[in-house]
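First the proteins, then the strands, lettered A, B, ... as listed; each starts at 1.
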2 protein chains.
Amino acid sequence: MPILVDIRKLTIIGKLIQHGAKNVASSLSTMAGIEADVQIKSLSFVEPSDIENEMGSGEMYHASIRLTEPPYGVFVMTFDDQTAATIAEEMTGQPVEDGALNQMHQSALQEICNILTSGFIDGIANTLETTIDMETPTVEREHTSEIAESTLSHIRMDSLSIVLDTVVDLAEQDTEFQLHIFLVPDPGSFVNIIDKLDIEEIKNKDSLAEFYEGESTF
Amino acid sequence: MPILVDIRKLTIIGKLIQHGAKNVASSLSTMAGIEADVQIKSLSFVEPSDIENEMGSGEMYHASIRLTEPPYGVFVMTFDDQTAATIAEEMTGQPVEDGALNQMHQSALQEICNILTSGFIDGIANTLETTIDMETPTVEREHTSEIAESTLSHIRMDSLSIVLDTVVDLAEQDTEFQLHIFLVPDPGSFVNIIDKLDIEEIKNKDSLAEFYEGESTF
């Protein structure tokens, strides 16, 4: 059965994602004291069966959660060893030796993953004027085939996956790191949300946010 | 009136764009003897009213055409002075002095714009197993507000615009240049095309193309 959406409402998906990224930056600042610019470098749509391929090959860190409220589905964030080391060193001030994260590094990584995940989902929820209940992510290092299998096992294989290349650019250091985000909502629930949203209303929110913050990022 | 598309078919838009980019690379090779890698760095959806903003400010070169067959609408490619100079020098072997393009530079720029434009549109058309008739683009340098006004005057303001950041990386030189592409199809005609396409069929075409070319780009 087709799950229909007005094609002119696709601009809303971009807006939602931008609001998610903006909220990640704001969460990093308030919850971790990290000033950063969070940019979405690319947005694409793939089928769930292509996700493993999009994740790359080999072992990756990932923070995955299931959304227990609309738009349901899963949120998966992946990053490589280099990014994990960069984040861990940045947060703890301790160098990572031979790529091995100590207990403190691991806690810091878990903390940042919590902030990034909840910041992103809350940013989307705020725009929707709702909340989206979610679990706390478990951060693990696994082969991409295992990540795809464990996180996507509950997903309808005809779902739509939104893939984001995200760059977090730390203001004070000459450091940036890349995150790969996979958002696989339940297609019916997602379309239902988009249908209810008004493009003009979202634009007004952008204007209001810019008015209060005195800046325009988008 | 809503113009509905099955949300799970959005993956097809990405595939169409990738096939367009692949055909640009192939056209550059066969028609201009230039070996290049053509990458889509980002794809986003905006409303036509946001296009001027997306084009940036100031004067830009642009090659614009109207499509006279489905999906109709307009195709606009913009690039800055630096890119124009890079292309002109690359094609003619003559340096551009003080940013001023001579007659030979201008002809070369027009030629490359013809190849890029027809390569992209033909790549999409091939995937759709059809042809898309189009005009030859006129290359002009104008203020972005003028470009937006002249190219979008026939467009329904509730259309969907696909915005692509494209990088053309020349194999032999350590040179790359950026192009901004705006594809604003007639929404009804575009949805009609997407509706008729089968995801599995497009995948098979990818496999077939890879088989013949002995490589996998996508």
> How far apart are the closest heavy atoms of B:I7 and A:V5, and which atoms are they?
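Minimum heavy-atom separation between B:I7 and A:V5: CB-CG1, 4.0 Å.
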
> Run the salt bridge (Lys or Arg N to Asp or Glu O under 4.0 Å) test against B:R66 and tell me which residues pass, sequence neighbours left out.
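Expected list: none.
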
> Name the region of A:S161, side chain, backbone, both or neither, that has any atom closer than 4.5 Å to a heavy atom of chain B.
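No part of it gets close to chain B.
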
> Would you name the heavy atoms of A:R8 and B:I3 that are closest together and state the gap between them?
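Closest pair (atom of A:R8, atom of B:I3, distance): NH2-N, 3.4 Å.
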
> Report, as yes or no, whether the 6.0 Å neighbourhood of atom CD on B:E90 holds more than 12 heavy atoms from other residues, nucleotides or ligands.
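Yes, the 6.0 Å shell around CD holds more than 12 heavy atoms from other groups.
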
> What are the two closest non-hydrogen atoms of B:L4 and A:D6, and how far apart are they?
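Of all heavy-atom pairs spanning B:L4 and A:D6, the closest is CD2-N, 3.6 Å.
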
> Would you find more than 12 non-hydrogen atoms of other residues, nucleotides or ligands less than 6.0 Å from A:Q82 atom CD?
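Result for CD/A:Q82: open.
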
> Name the member of B:L43, B:V191, B:D165 that forms the most heavy-atom pairs with chain A at distances under 4.5 Å.
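That would be B:L43.
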
> Taking atom CD as the centre, does B:E69 end up with more than 12 heavy-atom neighbours from other residues, nucleotides or ligands that are less than 6.0 angstrom away?
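Yes, because the 6.0 Å sphere around CD of B:E69 holds more than 12 heavy atoms from other groups.
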
> Listed by chain and number, what are the ring pair (Phe, Tyr, Trp, His ring centres under 6.0 Å) partners of B:Y72, not counting sequence neighbours?
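Result, ring pair (Phe, Tyr, Trp, His ring centres under 6.0 Å) vs B:Y72: none returned.
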
